[in-house]
Colleague: 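Let me give you the structure first, and then I'll get to my questions.
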Amino acid sequence: MRRRQENFTGKVVVITGASAGVGRATAIAFARAGAHLALMARDARALDKTRQEVEAAGGSAQVFPLDVSDAHAVSVAAAKCEAALGPIDIWVNNAMATVFSKVEDLTAEEVEAVTATTYLGYVHGTMAALNSMRPRGRGLIIQVGSALAYRGIPLQAAYCGAKHAIRGFTDSLRAELIADDCGVQITALHLPAINTPQFDWARSHRKRLPRPVAPVYEPEVAAEAILHAARRPAREYWLGSKTPLLIMANTLFPALIDRQLAAEAVTGQDRPRSRLPGRKDNLESPVPGGHGVRGAFGREAKPRAMIVSETRIRAGCAIGGGLLLLAAGIGLGRYFLQQR
């Protein structure tokens, strides 16, 4: 822990979506590592609770209650953060919203709301971070993504579409930074299902309460992965054993994954409990209370997960594929020799 604290002592870290779940866990983890935090989310009371936990962990934090869909508010907050804490070293885009629903039951307004937070919130955060980091030629932007940025699943079309959009935006920006020989780095961390409170307050048109697709991991696992990405930036990181399997399988066998998800991921996102009439959700405004780190799935949530850079996975697949082709070629060569 002492070695980790030295890595971020005095660093200024901005985290969006810091009021609960992964964002809150990440703020606490960075605080334990000695960072100064700027926390952004809509709910001022929940942000203040996060600030208190950050201070209890030995860190310091400024809170900026705002909606990341408001580009001007994010830009102003970034300027205030630098005035209060100093130059921004790391910006973590994490805020999200979703709706559990079949596409036929979604409204255009719901899709726009999910997109405004989950996609445009990342765009606004990234642009604010770049305005701060580019003049100095250094800094790191971390995009907290999802396996669903590569593979859409049923009942979350709006969210999956936004996550796909983030990946396209990030890839374009990465190439531009390389072309400009800019010292600002950008890395994406794609997560599996995480045990956060979102499943208790996300909007749903289903008869039953929503749940994550198994396997599920604790938010602290994602937080440690974000710190790992901050220590060793790479193009992308994939967290959890199922994430690389899903991404690579979808690349090779997308039609098969379509059918598997159709069979398993619709009812697989329903809890046994029915959704009560009048249940409040956070799509348009925060839901009071419940802004903790963990959600309702602690009994099944895993406390550890593998993390690997996508370049290693792809290289391993390429080498494995090459060895298979080589073995097949040797086998065919022997077969034809025996036929002579």
Side-chain angles (χ1 to χ4, degrees), residues 15-28 39-50 53 63 65-70 93-102 105-107 109-122 144 146 148 153-163 191-214 216-220 222-223 268-301:
I15 303 172
T16 69
S19 60
V22 170
R24 193 166 184 159
T26 302
I28 295 167
L39 309 175
M40 299 182 184
R42 293 179 298 178
D43 193 307
R45 288 186 178 181
L47 273 183
D48 193 58
K49 290 287 183 64
T50 304
E53 293 184 6
V63 297
L66 56 82
D67 191 328
V68 293
S69 66
D70 184 339
N93 282 312
N94 169 72
M96 57 79 63
T98 189
V99 178
F100 288 87
S101 173
K102 289 186 176 181
D105 297 323
L106 285 170
T107 67
E109 291 77 15
E110 288 172 336
V111 176
E112 289 171 3
V114 172
T115 304
T117 297
T118 308
Y119 171 54
L120 292 179
Y122 276 54
V144 180
S146 167
L148 306 189
I153 64 172
L155 305 186
Q156 293 204 60
Y159 176 79
C160 293
K163 286 298 186 183
L191 306 180
I194 304 294
N195 176 31
T196 70
Q198 65 148 317
F199 301 96
D200 288 328
W201 62 42
R203 180 168 295 185
S204 175
H205 295 311
R206 303 285 289 172
K207 292 181 179 180
R208 298 188 180 277
L209 289 174
R211 61 151 289 133
V213 178
V216 184
Y217 298 86
E218 294 289 16
E220 292 87 353
Q269 293 183 79
D270 287 339
R271 279 190 250 183
R273 293 171 53 195
S274 297
R275 180 173 59 86
L276 298 176
R279 171 180 174 270
K280 294 183 179 180
D281 65 68
N282 74 336
L283 187 63
E284 296 175 359
S285 60
V287 176
H291 284 71
V293 169
R294 297 184 177 185
F297 306 94
R299 289 186 178 181
E300 64 178 282

Colleague: Donor-acceptor pair, distance only, cut-off 3.5 Å: does the side chain of T16 make one with the backbone of A95?
Modeller: yes
Colleague: Would you name the heavy atoms of T50 and A18 that are closest together and state the gap between them?
Modeller: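 That would be OG1-O, 3.0 Å.
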Colleague: What's the spacing between L155 CG and R206 CZ if we round to 0.5 Å?
Modeller: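 So the CG of L155 and the CZ of R206 are separated by 5.0 Å.
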Colleague: Is T26 close to N94 at the side-chain level, that is, under 4.5 Å between some pair of heavy atoms?
Modeller: no
Colleague: Going by the rule side-chain hydrogen bond (donor to acceptor under 3.5 Å, both in side chains), which residues pair with N195 if we only count those two or more places apart in sequence or in a different chain?
Modeller: E218
Colleague: By the definition side-chain contact (heavy atoms from CB on, under 4.5 Å), identify the one residue from R275, R208, K207 that meets it with D270.
Modeller: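 Testing D270 for a side-chain contact (heavy atoms from CB on, under 4.5 Å) against R275, R208, K207 leaves exactly one candidate, R208.
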Colleague: Checking F297 now: which residues fulfil ring pair (Phe, Tyr, Trp, His ring centres under 6.0 Å) with it, not counting sequence neighbours?
Modeller: F199
Colleague: What I want to find out is whether D281 reaches R203 closely enough, with some N-O distance under 4.0 Å, to be called a salt bridge.
Modeller: yes
Colleague: Hey, is the main chain of M96 close enough, under 3.5 Å, to the side chain of Y122 for a donor-acceptor pair?
Modeller: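 Not at all, since once roles are kept as given, no pair shorter than 3.5 Å links the two residues.
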Colleague: Compare every heavy atom of A97 with every heavy atom of V114, then report the nearest pair and how far apart it is.
Modeller: CG1-O, 3.3 Å
Colleague: For the pair Q156 and F100, evaluate side chain to side chain contact (heavy atoms under 4.5 Å, CB included) and give the outcome as yes or no after the intermediate values.
Modeller: CA-CA 5 Å; Q156 293 204 60; F100 288 87; 3.4 Å; yes
Colleague: For the residue pair D105 and E110, what are the closest heavy atoms and their distance?
Modeller: O-OE1, 4.2 Å
Colleague: Minimum heavy-atom separation for G23 and I15, please, with both atom names.
Modeller: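 Taking every non-hydrogen atom into account, O-CG2, 3.9 Å.
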Colleague: May I have the step-by-step check of side chain to side chain contact (heavy atoms under 4.5 Å, CB included) for L283 and V99, ending in yes or no?
Modeller: CA-CA 8 Å; L283 187 63; V99 178; 3.9 Å; yes
Colleague: Is any side-chain heavy atom of I153 closer than 4.5 Å to a side-chain heavy atom of L148?
Modeller: yes
Colleague: Do side-chain atoms of Q269 reach the backbone of P154 as a donor and acceptor pair under 3.5 angstrom?
Modeller: yes
Colleague: Nearest 0.5 angstrom please: L209 CG to R279 CZ, how far?
Modeller: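 One finds 5.5 Å between CG of L209 and CZ of R279.
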Colleague: Who are the side chain to side chain contact (heavy atoms under 4.5 Å, CB included) partners of A214, not counting sequence neighbours?
Modeller: R211, E300
Colleague: Provide the closest heavy-atom pair for D43 versus V287 in the form atom of the first, atom of the second, distance.
Modeller: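 For D43 versus V287, the nearest heavy atoms are OD2-O, 4.3 Å.
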Colleague: Enter the distance from T196:OG1 to W201:CH2 here, rounded to the nearest 0.5 Å.
Modeller: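 Going from the OG1 atom of T196 to the CH2 atom of W201 covers 7.5 Å.
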Colleague: Quick one: NZ on K163 to CG on L191, what's the gap to the nearest 0.5 Å?
Modeller: 7.5 Å
Colleague: How long is the span from the CG atom in L120 to the CD atom in E112, to the nearest 0.5 Å?
Modeller: 10.5 Å
Colleague: Do you know which two heavy atoms are closest between A25 and V293, and how far apart they sit?
Modeller: CB-CG1, 3.7 Å
Colleague: Measuring from L47:CG to R42:CZ, what's the distance to the nearest 0.5 Å?
Modeller: 11.0 Å
